[in-house]
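Take a look at the structure below.
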Amino acid sequence: MTDPCPRFSASCVTEPPALPAGASWDYNIKNPIPEDGILCKSNTPWPSPVATWTAGQSITVQFLNNDAAHGGGHAQFSVSYDGGTTFAVVYEVLRYMFFTGPSDSNTPQVLSYSFTLPAELPNSDSVVFAWSWVNAIGNREFYMNCADVAITGSSSSSYTGKQMVIADHDGYPTIPEFNGNYDTGISYYEDAAMVTVSPRGSSTSSGNSTTSVYETTSSVSPIVHAAQDSSSGVQEETPVSSAPAVSEPTTAAESSPEATIEVNTASEPTTGSGLSLVKCIPRPY
């Protein structure tokens, strides 16, 4: 991920804030999280938000075509209001991240994703926005970039969505290589517990049990999947039920102008460990 600017990335679409005291620039933001490493790659936030979004607005998340896309895989875009402990999904691209359908290529086709933020996201100037990805082909790795953003314009006190899936990481399930079966590991995403996130705390609900640090009465907002048409390369927003078990659509639904992609037409092969950054800024000295 390159926009919004991930924590301590040395190359972003926009000029990043100054580094926090004791932090160093991350020139390998494209790399996966080490198996026993820290999610987000750092628990320290930027000193100020790198983006300010309005609840309910359309945003675009950008990536660069200079590294391995590993044949796609499952990806989610999530938010945390407790510093990165609990993440609730706002958008997901199951099966074909970086592609418009099945692929054994390392060269990405899709370089940006546009989608509408849920209107129920509460206001806060310390929201952690995360992109996470489990690759289809190659070593079993978990990719995650985190950006610190602000959310404004909301009248909601909390947001409820599916819990972000963590896999191929120490202490979490292993999702094997897909080997052409793009439903591999899909049950972890379809059967995820529901979580409620808020500046006041978070709660997790699985089945009939709920663990919570506060009371909430907010309604559940539907998660949006990316439905991709392999023939046209058009990605669309498809609302689905926000119940813990949902079925991922495998064909494109009705066209929506609020969900778009950029398709890479370059034919040169790329190498590397993951998708990285769109535009370079001068490295600090």
Side-chain angles (χ1 to χ4, degrees), residues 1-2 4-11 20 22-46 61 63-64 66-80 82-89 92-99 103-106 108 128-148 162-193 195 202 204 206 270-277:
M1 186 172 74
T2 179
C5 184
R7 286 178 177 173
F8 313 153
S9 172
S11 302
S24 58
W25 293 104
D26 186 349
Y27 295 102
N28 298 300
I29 195 69
K30 64 186 180 181
N31 289 354
I33 302 294
E35 187 174 350
D36 59 351
I38 298 171
L39 297 178
C40 285
K41 303 184 77 174
S42 174
N43 290 328
T44 303
W46 285 115
V61 181
F63 302 87
L64 176 66
N66 73 341
D67 293 294
H70 293 298
H74 308 313
Q76 295 177 314
F77 300 88
S78 309
V79 293
S80 172
D82 58 7
T85 299
T86 308
F87 284 92
V89 177
E92 56 188 3
V93 183
L94 301 182
R95 301 178 176 88
Y96 309 130
M97 181 69 196
F98 301 121
F99 294 95
S103 177
D104 60 1
S105 174
N106 260 349
V128 183
F129 176 81
W131 163 74
S132 56
W133 172 43
V134 171
N135 53 307
I137 297 173
N139 294 336
R140 307 324 301 143
E141 296 166 331
F142 185 68
Y143 294 81
M144 186 175 182
N145 291 164
C146 295
D148 298 287
K162 289 198 296 187
Q163 188 173 38
M164 184 188 77
V165 172
I166 303 172
D168 300 333
H169 187 67
D170 190 35
Y172 293 90
T174 297
I175 296 178
E177 277 195 279
F178 289 13
N179 292 319
N181 178 10
Y182 280 82
D183 283 336
T184 300
I186 204 72
S187 62
Y188 292 112
Y189 296 81
E190 294 179 340
D191 300 336
V195 294
S202 62
T204 303
S206 179
T270 59
T271 59
S273 58
L275 269 290
S276 63
L277 310 171

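All figures in this text were calculated on a predicted structure; none of them were measured in a lab.
The OG1 atom of Thr86 sits 9.5 Å away from the CE atom of Met164 when rounded to the nearest 0.5 Å. The structure places OG of Ser103 at 13.5 Å from CE of Met97, a figure rounded to the nearest 0.5 Å. Asn145 CG to Trp133 CH2: the interatomic distance, rounded to the nearest 0.5 Å, is 10.5 Å. Put simply, CD1 on Ile186 and CD1 on Ile175 are 8.5 Å apart, with the number rounded to the nearest 0.5 Å. How far SG of Cys146 is from CZ of Arg7: 6.0 Å, rounded to the nearest 0.5 Å. Atoms OH and CD1, on Tyr172 and Ile166 in that order, are 4.0 Å from each other to the nearest 0.5 Å.
Across all their heavy atoms, Phe99 and Ser105 have their closest contact at CZ-O, 3.3 Å. Closest approach of Thr184 and Pro176 over heavy atoms only: CG2-O, 3.6 Å.
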Quiz prompt | Full working for side chain to side chain contact (heavy atoms under 4.5 Å, CB included) between Phe87 and Val195 | solution = CA-CA 8 Å; Phe87 284 92; Val195 294; over 6 Å; no

Self-check item: side chain to side chain contact (heavy atoms under 4.5 Å, CB included) between Met1 and Phe63, worked out
Solution: CA-CA 5 Å; Met1 186 172 74; Phe63 302 87; 3.9 Å; yes

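The aromatic rings of Trp131 and Phe98 sit perpendicular, their planes meeting at an angle over 60°, well past the 30° parallel limit.
Contacts of Phe8 classified as ring-ring contact (aromatic ring centres under 6.0 Å, His included), with partners at least two apart in sequence or in another chain: Trp46.
A ring pair (Phe, Tyr, Trp, His ring centres under 6.0 Å) with His74 holds for exactly one of Tyr96, Phe142, Phe178; it is Phe178.
Here the side chain of His70 pairs a donor or acceptor atom with the backbone of Ile137 at under 3.5 angstrom. With hydrogens and angles disregarded, a donor-acceptor distance shorter than 3.5 Å links the side chain of Arg140 to the backbone of Gly138. In this structure a side-chain-to-backbone donor-acceptor pair under 3.5 Å is missing from Glu141 to Asn135.
Taking 4.5 Å as the limit, every side-chain heavy atom of Tyr182 sits out of range of all side-chain heavy atoms of Leu94. Val61 is listed as a side-chain neighbour of Phe129, based on a closest heavy-atom distance under 4.5 Å. Between Thr174 and His169, the closest side-chain pair of non-hydrogen atoms is not below 4.5 Å. In this structure, Val128 and Val79 have side chains that are not in contact, with every pair of non-hydrogen atoms separated by 4.5 Å or more.
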Show me the donor-acceptor pairs, under 3.5 Å and distance only, between side chains in residues 33-43 and residues at least two apart or in other chains.
{"from": "Lys41", "atom 1": "NZ", "to": "Asp26", "atom 2": "OD2", "distance (Å)": "3.1"}
{"from": "Lys41", "atom 1": "NZ", "to": "Asn28", "atom 2": "O", "distance (Å)": "2.8"}
{"from": "Ser42", "atom 1": "OG", "to": "Thr44", "atom 2": "N", "distance (Å)": "3.1"}

